[in-house]
Amino acid sequence: MPISLKNVGKVYDQTSVLEDVNVEIKDGEFFVIVGPSGCGKSTLLRMIAGLIPMSTGDLLIDNEVANDLPPKERNLSMVFQSYALFPFMSVRDNVAFGLKARRMATDEINKRVTQAIDTVGLTDLGGRKPSELSGGQRQRVALARAIASDAKVCLMDEPLSNLDAQLRAKMRLELRELQRQLGITVIYVTHDQVEAMTMADRVMVLNDHRVQQIDVPISIYNHPNNEFVAKFFGTPQINLFNATANHDNLQVTDDLVFSSRRLLNDGESYRVGIRPGDLQVKVDSRGANARVISVSYLGDKVVATARLKNDQEIRLVLDNQVTLNADDLIRITGAKTMYVFDEQSNQLIFQEEEVISDGATIGTI
Ligand SMILES: Nc1ncnc2c1ncn2[C@@H]1O[C@H](COP(=O)(O)OP(=O)(O)OP(=O)(O)O)[C@@H](O)[C@H]1O
């Protein structure tokens, strides 16, 4: 079932917490809303659920305006971080609860509950109480409840954040698999960039109460709209440099200059973003423009920090063939991809591939 938001906004006590959200979520899509704490993710999800009213805009469910539809008429199910299970009820009764409230026939309830519990792999645990289950199993009960409701859209608010890292990774895959199998539309809220990237068909990035970008994960990573999106995705975080245009080069320090193929206004300031794995580096004291501070070998790669002449620390990810030690002098020779952002608005102006950095242009070698 498709869901559309048109100019949706929310104001609490004259403070705007969400502005101008526009998106069409497609039938069967796994749509992830991601952003830092307080950016308005839960507010948006609750407005879609009908738990809180929207201040502006329109919500369309299945192409019908649903602004004032009561929650139970929206044909949506919800799964929360806190599972929201009744502790004194068995797994089966927890899953059946919503169906009983809808006064469904007992036979139909039994059939759906059995099916839903089977689907999430809890077949033998139907008689247990939530306290007799692990965190992952409890979350599966919450999922079974959503499945049993037969809603075509499931809204999920940080459903995996109470689980440990290993189980969370496993449940991400299970959830995605389940969503495909059931063919339902999922709108999934998380503050976790990895979760967003690994699970989503499309991602909506929220910050400062506004939508920053909506796109498929690979495009969000490779073509970020602005500095915030570039910083939010990717570990270690992207390096951001203040640079001044100098004969169509972008000068960071007197010995670190990235050449650009664009025409730039001499003397103008820009922000240059380069991901740690995109920096090209030689361990070479001749023409060195950085000094290594720390090195961690992580099996297939090496993560390091280094310091530029201007004292700025940079992050590097290199392949594990490189032998690198703290205090080594290195030379940044280029970048696979360079993002150039507007200094004022922080919006992406352009990006370039295979950029050469040549300290020699300033004559330090
Ligand atoms: N009932 C309310 N009254 C006033 N302000 C509220 C209310 N509920 C939320 N807010 C504010 O709205 C903003 C968005 O909150 P929301 O819970 O949607 O953020 P979030 O992105 O889900 O954050 P988190 O990841 O921490 O849950 C916050 O600044 C919050 O303080």
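Position 1 is the first residue of the sequence; numbering continues from there. Predicted model only: the values in this text are computed from it and were never measured. Order of appearance sets the numbers: ligands from 1, and atoms from 1 within every ligand.
- Counting only heavy atoms of the protein, atom 25 (O) of ligand 1 lies nearest to Lys41 NZ, 2.9 Å.
- For a threshold of 3.5 Å applied to N or O pairs, the pair formed by Val17 and ligand 1 contains no separation below that value.
- At a 3.5 angstrom cut-off on N or O pairs, His209 does not count as close to ligand 1.
- Side-chain N or O atoms of Arg275 include one that pairs as donor or acceptor with a backbone N or O of Ala230 at under 3.5 Å.
- Under the 4.5 Å side-chain criterion, counting only non-hydrogen atoms from C-beta, Glu108 is not in contact with Leu99.
- Considering backbone and side-chain N/O of Gly40, one or more are found under 3.5 Å from N/O of ligand 1.
- Atom 30 (C) of ligand 1 lies below 4.0 Å from none of the non-hydrogen atoms of the protein.
- For the pair Tyr188/Glu195, a side-chain contact is recorded, criterion being any heavy-atom separation below 4.5 Å from C-beta on.
- The shortest N or O to N or O distance between Ser37 and ligand 1 is under 3.5 Å.
- Close approach to Thr43 involves these atoms of ligand 1, each under 4.0 Å from a residue heavy atom: 14 (C), 15 (O), 16 (P), 18 (O).
- The option from Gly38, Ser161, Ser16 that lies nearest to atom 28 (C) of ligand 1, judged by heavy atoms, is Gly38.
- Comment: Asp208 does not engage Arg210 in a salt bridge, judged by the lack of any side-chain N to carboxylate O separation of less than 4.0 angstrom.
- Counting atoms of ligand 1 from 1 in the listed order, those under 4.0 Å from a heavy atom of Ser42 are 17 (O), 18 (O), 20 (P), 22 (O), 27 (O).
- At a 3.5 angstrom cut-off on N or O pairs, His191 does not count as close to ligand 1.
- Ranking protein heavy atoms by distance to atom 3 (N) of ligand 1, first place goes to Tyr12 CD2, 3.4 Å.
- Under the side chain to side chain contact (heavy atoms under 4.5 Å, CB included) rule, Leu298 has a single partner from Val317, Val303, Asn320, which is Val303.
- In the vicinity of Cys39, heavy-atom distances shorter than 4.0 Å reach the ligand 1 atoms 19 (O), 21 (O).
- The existence of a salt bridge linking Arg172 and Asp192 is confirmed by a sub-4.0 Å separation between a basic side-chain nitrogen and an acidic carboxylate oxygen.
- In this structure, Asp201 pairs ionically with Arg176, as a charged nitrogen and a carboxylate oxygen lie closer than 4.0 Å.
- Exactly one of Leu44, Leu60, Val211 qualifies for a side chain to side chain contact (heavy atoms under 4.5 Å, CB included) with Leu5. That residue is Leu44.
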